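Heads up, the thing below is written out as structure tokens.
If you're wondering where the values come from, they're calculated on a predicted model, not measured in any experiment.
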Amino acid sequence: MDSQTSQPSPASPSPHTFQVDLRGLVDLLSHHLYSSPKVYLRELLQNAVDAITARRAEQPDAPATVRLHAEDGTLHVEDSGIGLTESDVHSLLATIGRSSKRDDGLESARSDFLGQFGIGLLACFVVAERIRVVSRSARTPDAAPVEWTAADDGSYTVRTLPHSARPEPGTTVHLVARAGAGEWLSAERVRSLARDFGALLPYDVRVGDEPIADLPAPWDRSYPSPATRRVALARHCHDLFGFTPLDSIDLDVPLAGIRGVAYVLPSAVSPAQRASHRVHLKGMLLTERAEQLLPDWAFFVRCVLDTDSLRPTASRESLYEDETLAAVREALGERIRSWLTGLAAGDPERLAAFLSVHHLGVKSLARHDPEMLRTMLPWLPFETTDGRLSLEEFAQRHPVVHFTRTVEEYRQVAPIASAQGVGVVNGGYTYDSELVEALPSVRPGTVVSELDADTVTAHLDGVDPAEELALAPFLAAARARLDPLGCDVVLRAFHPLSVPALHLDDRAARHEQARADAEEQADDLWAGILGSLRGSAPRARLVLNHLNPLIRRISSLDEPDLIGTATESLYGQALLMAQRPLRPADSALLNRAFIGLLEWATHTDPGKDDRR
């Protein structure tokens with residue numbers, strides 16, 4: 001016999017059941033899951049509609065009615081739906097997270113229901129201290145009506161009632177408001193919420209005797225003419241969103257079960273502003289703040305639509321980001337794109353009115369969509385030296401389409417380039433430089449070139465070498481004065497004659513100047529690092545106009561200090577004309593030049609003073 005004795009195995013731990021603090025759960029729902037207590041009414045309507053849907057799946061001719069009655073801090077919601085038995089009440093109403101849509105073979109048909117998460121009546125505790133449910137099952141006609149009464153402390157009672165208490169199948173929910181929440185159960189508030197949530201529900205929903213549903217939806221109704229339809233949709237937009245749209249766009253995606261309309265905003269908005277859209281799920285308002293419904297470029301529209309394919313999140317106040325939503329987003333974007341193409345082909349006046357407000361959104365789309373760029377090319381406006389033109393018209397006028405990448409660069413060169421016959425597009429605005437660079441891809445043969453300081457200088461007329469040689473002392477004094485500022489001085493002849501001097505630089509020159517300024521102010525270690533980054537970029541230049549009378553007078557001066565002061569003044573004036581931001585050194589130069597000019601202007605000969 002084995003001398004070793006066997007050791008008893010450790011006892012298996014006993015399972016325990018989670019204990020739920022209902023008050024704590026209700027607080028969690030009201031402060032974190034739901035955005036507002038108003039969702040309680042949506043949950044009640046949703047349960048009623050789902051109960052009717054379940055009954056009609058078995059009894060197609062069953063009545064489909066929902067009645068709401070609000071009075072003195074109480075609310076009664078009655079439906080003609082599938083109803084509950086006593087066992088249903090225990091397993092469904094008293095079990096948090098349980099949904100009837102998972103039972104009785106209905107799992108395969110869950111897409112017909114609004115509710116998908118089984119939170120049920122819990123949302124009602126956000127506004128009610130007591131809930132009473134009286135229900136009679138349509139599946140078990142002989143079963144007695146059952147009453148379920150629950151309090152917000154987590155306790156509930158269940159009892160059967162005589163058949164006379166509920167002669168017909170269906171369910172009635174009675175709510176009693178909690179302290180401070182009576183306003184949410186007032187007749188006026190209930191009517192407003194029911195109309196907001198249930199306007200597109202397919203059943204007979206009434207608050208008192210007032211119908212709530214407004215079917216068919218405005219975009220599905222028949223109208224005598226397109227103009228009448230446009231007016232009706234504009235009124236609908238004003239009622240929903242508070243603005244009268246420029247136009248409306250039908251959003252019909254049958255494969256995704258989507259019907260609705262997009263309204264074009266009448267004023268420009270920032271691309272960074274997140275658009276909010278109204279989404280109904282099988283007729284029930286899901287959210288009025290859906291942000292991910294459309295592509296980012298379509299920020300100029302607000303949508304309202306009904307869908308039966310998109311998935312709601314647990315709170316049923318937003319959409320679940322999945323492949324279906326991504327496909328719907330692309331399909332809706334295509335509808336808006338087709339609308340733009342249709343305007344370009346058949347209604348140029350409306351397109352022009354739209355682009356005058358929302359060209360930024362179309363440019364955002366066109367930079368990623370060559371076909372849209374090709375379609376919009378004759379219409380999209382750009383700032384150019386020839387005025388506000390489309391790229392198509394500008395390219396027809398100029399063999400080379402020059403452009404700048406910043407507004408500052410454009411302001412520097414626009415007056416001079418225009419006088420020299422050089423066409424320039426201001427690419428400094430959002431998306432503009434990208435679209436100009438994409439121009440050859442949709443307009444073969446077009447030459448596009450970025451305009452820099454060297455290109456501008458090359459288009460200016462040179463000065464006779466003999467004349468420039470005669471002005472060498474003047475130019476040397478001017479260069480010496482501006483050299484500490486990282487600026488060269490050149491002499492050219494150009495129009496208009498009224499411009500005495502032109503300040504030219506490019507991004508590379510500005511970066512090099514910023515590096516040099518930082519190196520001057522840095523300690524030895526950091527200055528050494530910045531010094532190692534020194535670039536070979538050309539410096540900024542002050543181009544003096546030899547045709548300008550003032551420049552001719554200044555160039556005849558022989559006093560070096562006066563030449564320097566005049567050069568600093570020309571430099572400062574050229575910066576101001578280009579609307580460039582001034583560095584501290586530039587501001588100091590302007591002040592110094594101004595004082596210097598005043599001193600020269602008020603300078604007198606001491607001998608003349610003695611003779612007074």
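Side-chain atoms of T53 and D50 form no donor-acceptor pair, as typed in the model, at a separation below 3.5 Å. With no hydrogens or angles considered, no side-chain donor-acceptor pair links T341 and S338 at under 3.5 Å. There is a side-chain donor-acceptor pair under 3.5 Å between R55 and Q59.
When atom types are taken as modelled, the side chain of H280 and the backbone of D306 share no donor-acceptor pair closer than 3.5 angstrom. Remark: side-chain polar atoms of S192 are not paired, donor with acceptor, to backbone N or O of E188 under 3.5 angstrom. When atom types are taken as modelled, the side chain of R405 and the backbone of G427 share no donor-acceptor pair closer than 3.5 angstrom. Not a single donor-acceptor pair under 3.5 Å links the side chain of R259 to the backbone N or O of L305. A side-chain donor-acceptor contact under 3.5 Å links R221 to the backbone of P216. With hydrogens and angles ignored, the 3.5 Å screen pairs a side-chain donor or acceptor of R206 with a backbone N or O of D209. In this structure, the side chain of R56 engages the main chain of A62 through a donor-acceptor pair within 3.5 Å. A donor-acceptor pair under 3.5 Å links the side-chain atoms of S80 to the main chain of P63, judged by distance alone. Counting only distance, with no hydrogens or angles, the side chain of R191 and the backbone of I212 share no donor-acceptor pair below 3.5 Å. No side-chain donor-acceptor contact under 3.5 Å links T140 to the backbone of S137.
Note that K363 lies outside the cation-pi zone of Y429, set by a 6.0 Å cut-off to the ring centre and a 45° limit from the axis.
Within the 4.5 Å cutoff, no side-chain heavy atoms of S390 are placed close to those of L380. Side-chain atoms of T149 and H174, non-hydrogen and from C-beta on, never get closer than 4.5 Å to each other. Contact check for V89 versus S135: no side-chain heavy atoms found under the 4.5 Å cut-off. Two residues are said to be in side-chain contact when any heavy atoms from C-beta on lie closer than 4.5 Å; R189 and L185 fail this criterion. V77 is not listed as a side-chain neighbour of L175, based on a closest heavy-atom distance of 4.5 Å or more. Using a 4.5 Å heavy-atom cutoff, the side chains of T172 and D79 are not in contact. Side-chain contact check for L44 versus L75: some heavy-atom pair is nearer than 4.5 Å. Looking only at side-chain heavy atoms (C-beta outward), R278 and L240 come within less than 4.5 Å of each other.
Taking the six-membered ring where tryptophan is involved, the planes of Y263 and F241 are perpendicular, since the angle between them exceeds 60° and thus also 30°.
A salt bridge links R166 with E78: the distance from a Lys NZ or Arg NE/NH1/NH2 to an Asp or Glu carboxylate oxygen falls below 4.0 Å. Between R388 and E383, no side-chain nitrogen of the basic residue sits less than 4.0 Å from a carboxylate oxygen of the acidic one, so the salt-bridge criterion is not met. A salt bridge links E288 with K38: the closest approach of a Lys/Arg side-chain nitrogen to an acidic carboxylate oxygen falls below 4.0 angstrom.
More than 12 heavy atoms of other residues, nucleotides or ligands sit less than 6.0 Å from atom CZ of R329. Heavy-atom contacts from other residues, nucleotides or ligands closer than 6.0 Å to CD of E210 number more than 12. Environment of CD in E183: crowded, with over 12 heavy atoms of neighbouring residues, nucleotides or ligands closer than 6.0 Å.
Sorted by first and then second residue, the pairs that involve residues 66-75 and meet salt bridge (charged side-chain N to carboxylate O under 4.0 Å, His left out), not counting sequence neighbours, are R67-D204.
Of all the heavy atoms in V127 and A181, the pair that sits closest is O-CB, 3.4 Å.
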Side chain to side chain contact (heavy atoms under 4.5 Å, CB included) assessment of H359 paired with M376: CA-CA 10 Å; H359 58 273; M376 291 291 112; over 6 Å; no
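Only one option out of Y431, F354, W379, W297 pairs with V362 in a side chain to side chain contact (heavy atoms under 4.5 Å, CB included); it is F354.
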